[in-house]
Amino acid sequence: MTIWNVISLMGGLALFIFGMNQMSDGLKLVAGSYLKKILERLTQNRFLAMIVGAGLTALIQSSNAMCVMVVGFVNAGMMELQRSVGILMGAKIGTTITGQLIAFNISQIAPIIAFVGVAVTMFGKKPKVKNVGQIITSLGVLFIGLGMMSEAMKPLAQEVWFQGILRQFSNPILGVLVGIIFTVIIQSASASVGVLQMMVVSGVMGFHQAFYIMLGMNIGASVAPALASIGARKDAKRVALIVILFESIGMVLFLVVSQIFPSLLDWIASTSPDNPSRQIANANTIFNCVTVLALLPCAKYLVKISEWVIRGKDEKETNALHFIVESGYQSGTVLIGQIDQEVGRMHNLVKENLEAATRVFFGEKTIKNSVFAENEDAVDFLNKEITGALIRTSELGISEKEAEHVGNLHHIVTDLERIGDHAENMIGYANQMKENKQKFSNKALKELKELTIAVYKIFDLACKHFNEPKAELYAVIYKLENDIDDMVDKMRNTNIKRLGKMKCEATQGLYFSEILVDLERVADHSLNIAQAAKKFPIEKD
């Protein structure tokens, strides 16, 4: 084996992995946010969840990506731990489609496939057409890489030193360990099994040796979701543990059975006696399907084991991210879902402070000043971190619809932070009045009460409209904002009259005037939030 064979092998492996990743990215772009909707709506039944997981993984050609997405959704609280098990198991079945595809060995026409894909990408005008072109190109590149690897590895089978290494692989445990290490390095079970298929086709190793390496490759694939769960909520860590348990139990099952019944491997090989690549693909499919059939009825016990190993509940700091974790930065769809949850949390913090800052004037029980300050710090922190995460989404490849949603989120985060600032202004006035032992008159408090109720309403309606934009609801918000402007104008005039008649002190009148400004600005920002998601023309007076 010459240095050129080594270079060709490395180049083929690079093209193969690149093609796999690009094809997966292209398929995810075509699927877009539909993945999230399907996972949210069709996973209540674990058997249906398994079918959905298998179908979606076959679509995006990556069990790692699917498992990481599930970790992200569970961490964001968008999916329950129990519902995730079926999807995880289905993902392991879906990923075997890649091996079956590789077994067709269409390397000879791969350049033509790549040429067609490049042509579609270059001349296609619509983003979806270009994404399809990317998928076709990646498929061609993938098979070109496979062809290069197959040719480069053929001389390796004749090397005496390599044959000596292969004899060591007759030990099943060693074979499993090699498979785990190789997949941890490549970070893709589909890619690892594809390389293994080419090694068998090239005569580098036999089916029996490759079978145990294949078992280890499936366990190695569980490293990706484990890494994605670092820093995540405990339920997300439990998802990663369930993946490890699933693969490990399946490996032990097949390892034991194959030692007790050696003819099992001969039977699997006989499913495609003339195609070594198909033998490995079939072995991978049989392994995952049998493991799923054995463990799916025991799904609830896997959940209990994960809860027993990873005990307790999450202790969350206010001034920290609760939903955005590393898993989000591997998928635009997951990251946007996690951002949505953080924005919802930011909304709740702002709402709590807004209500506390206004109700204190009416002698109503509110949160402590220390809690208010903690909430405000958290809002400022979230504004910065969410904005950074939104910028990162552009690097992950997202659909047009998702890009539009990201743009809307930029607006709502900014407006929520500004509303938080206005609440901080008002609590400051309240504290100053308390120190000076000042109070508003009953008439002033009555006016202020009516205004705050209207401001609470427009804030809640605006956030509701952001999630579910409707023309009728926007019309209500738009009218309410005008009504609030009218109320503020009347209250300013009344306040001036009270000052003129010496019915209140100048400082009280100044505080009242400043509070009106803050409440009016809250209404303005609420309207901005509603407009961020508006999909119909703005009606102007």
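By convention here, the first residue in the shown sequence is residue 1.
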If we only count heavy atoms from C-beta on, is the V517 to H422 side-chain gap below 4.5 Å? no
Got a second to check how far M487's CE is from L448's CG, nearest 0.5 Å? 9.5 Å
Do you know the tightest heavy-atom contact between M433 and F361? SD-CE2, 4.1 Å
Under 4.5 Å between any side-chain heavy atoms of K237 and L241, yes or no? no
Find out whether H411 and I529 are in side-chain contact, i.e. whether some heavy atom of one side chain is under 4.5 Å from a heavy atom of the other. no
Taking it one step at a time, do R345 and E342 satisfy salt bridge (charged side-chain N to carboxylate O under 4.0 Å, His left out)? CA-CA 5 Å; R345 179 172 155 241; E342 294 287 6; 3.0 Å; yes
Find out whether V85 and K300 are in side-chain contact, i.e. whether some heavy atom of one side chain is under 4.5 Å from a heavy atom of the other. no
Before you tell me yes or no, could you show the steps for L519 and M426 under side-chain contact (heavy atoms from CB on, under 4.5 Å), namely the whole-Å CA-CA distance, both residues' side-chain angles and the distance that decides it to 0.1 Å? CA-CA 9 Å; L519 289 173; M426 288 186 284; 3.7 Å; yes
Restricting to non-hydrogen atoms, name the atom on I477 and the atom on L461 that form the minimum distance, rounded to 0.1 Å. CD1-O, 3.5 Å
Should D415 and R418 count as an ion pair when the cut-off is N to O under 4.0 Å? no
Looking at D486, I want to see if its CG is surrounded by more than 12 non-hydrogen atoms of other residues, nucleotides or ligands under 6.0 Å. yes
Looking at side-chain heavy atoms only, is the closest gap between L409 and I386 below 4.5 Å? no
Sequence-distant partners of K446, side-chain hydrogen bond (donor to acceptor under 3.5 Å, both in side chains), two or more places apart: none
Less than 6.0 angstrom from the centroid, inside 45 degrees of the normal: does K449 satisfy that with respect to the ring of F362? yes
Name all residues meeting the side chain to side chain contact (heavy atoms under 4.5 Å, CB included) criterion together with Q432; count only those two or more places apart in sequence or in a different chain, and write none if there are none. Y511
Got a sec, which residues hit side-chain hydrogen bond (donor to acceptor under 3.5 Å, both in side chains) with N353, two or more places apart in sequence or on another chain? N375
For the side chain to side chain contact (heavy atoms under 4.5 Å, CB included) test, which of T393, V406, D340 pairs with L335? T393
For E417, the salt bridge (Lys or Arg N to Asp or Glu O under 4.0 Å) test, sequence neighbours excluded, returns none
Please walk me through it: do Y456 and K351 pass side-chain contact (heavy atoms from CB on, under 4.5 Å)? CA-CA 8 Å; Y456 294 159; K351 183 178 180 180; over 6 Å; no
Any residue meeting side-chain hydrogen bond (donor to acceptor under 3.5 Å, both in side chains) with D421, in chain and number order, not counting sequence neighbours: none
Within the side chain of H465, is there an N or O that forms a donor-acceptor pair under 3.5 Å with the backbone of A530? yes
Distance flag, aromatic centroids of F459 and H525, threshold under 6.0 Å: no
Check the angle between the aromatic planes of F440 and F512 and answer parallel, tilted or perpendicular using the 30° and 60° thresholds. perpendicular
As an exercise, state the distance from CG of L354 to CG of D460, rounded to the nearest 0.5 Å. 9.0 Å
If you take all heavy atoms of A454 and L480, which pair is closest and at what distance? O-CD2, 3.9 Å
So which atom in M217 and which in S192 form the shortest heavy-atom distance, rounded to 0.1 Å? CE-O, 3.4 Å
Between T137 (side chain) and V118 (backbone), is there a donor-acceptor pair under 3.5 Å? yes
Evaluation steps, salt bridge (charged side-chain N to carboxylate O under 4.0 Å, His left out), between D518 and R521: CA-CA 5 Å; D518 285 309; R521 293 291 183 268; over 6 Å; no
Between the side chain of R311 and the main-chain N/O of W308, is any donor-acceptor distance below 3.5 Å? yes
Report yes if the side chains of V292 and F246 come closer than 4.5 Å at any heavy-atom pair, otherwise no. yes
Measuring from atom CD of E520 to atom CE of M491, what distance do you get when rounded to the nearest 0.5 angstrom? 11.0 Å
List in chain and number order the residues that pass side-chain hydrogen bond (donor to acceptor under 3.5 Å, both in side chains) with K439, two or more places apart in sequence or in another chain; answer none if no residue qualifies. none
Salt-bridge test for D483 and K479: reply yes if a basic N is under 4.0 Å from a carboxylate O, no otherwise. yes
Could you please spell out the steps behind the salt bridge (charged side-chain N to carboxylate O under 4.0 Å, His left out) verdict for K490 and E447? CA-CA 10 Å; K490 291 178 181 178; E447 293 174 351; over 6 Å; no
Starting at CG of D235, measure out to OG of S306 and round the result to the nearest 0.5 Å. 8.0 Å
Nearest atoms (heavy-atom pairs only) where F466 meets A532: CE1-CB, 4.1 Å
Separation of I515 CD1 from T452 OG1 (nearest 0.5 Å): 10.5 Å
Looking at L245, is its backbone amide N or carbonyl O close enough to the side chain of S248 to form a donor-acceptor pair, meaning the two atoms are under 3.5 Å apart? no
Report yes if the side chains of T358 and V455 come closer than 4.5 Å at any heavy-atom pair, otherwise no. no
Does the side-chain contact (heavy atoms from CB on, under 4.5 Å) test come out yes or no for N467 and H347, once each step is laid out? CA-CA 12 Å; N467 295 318; H347 160 262; over 6 Å; no
Do the non-hydrogen side-chain atoms of N383 and L416 ever get within less than 4.5 Å of each other? no
Please find the pair of heavy atoms, one from Q134 and one from T121, that lie closest to each other, and give the distance. N-OG1, 3.5 Å
In this structure, OG1 of T414 is separated from CD1 of I419 (nearest 0.5 Å) by 11.0 Å
How about NZ on K464, more than 12 heavy atoms from neighbouring residues, nucleotides or ligands closer than 6.0 Å, or not? no
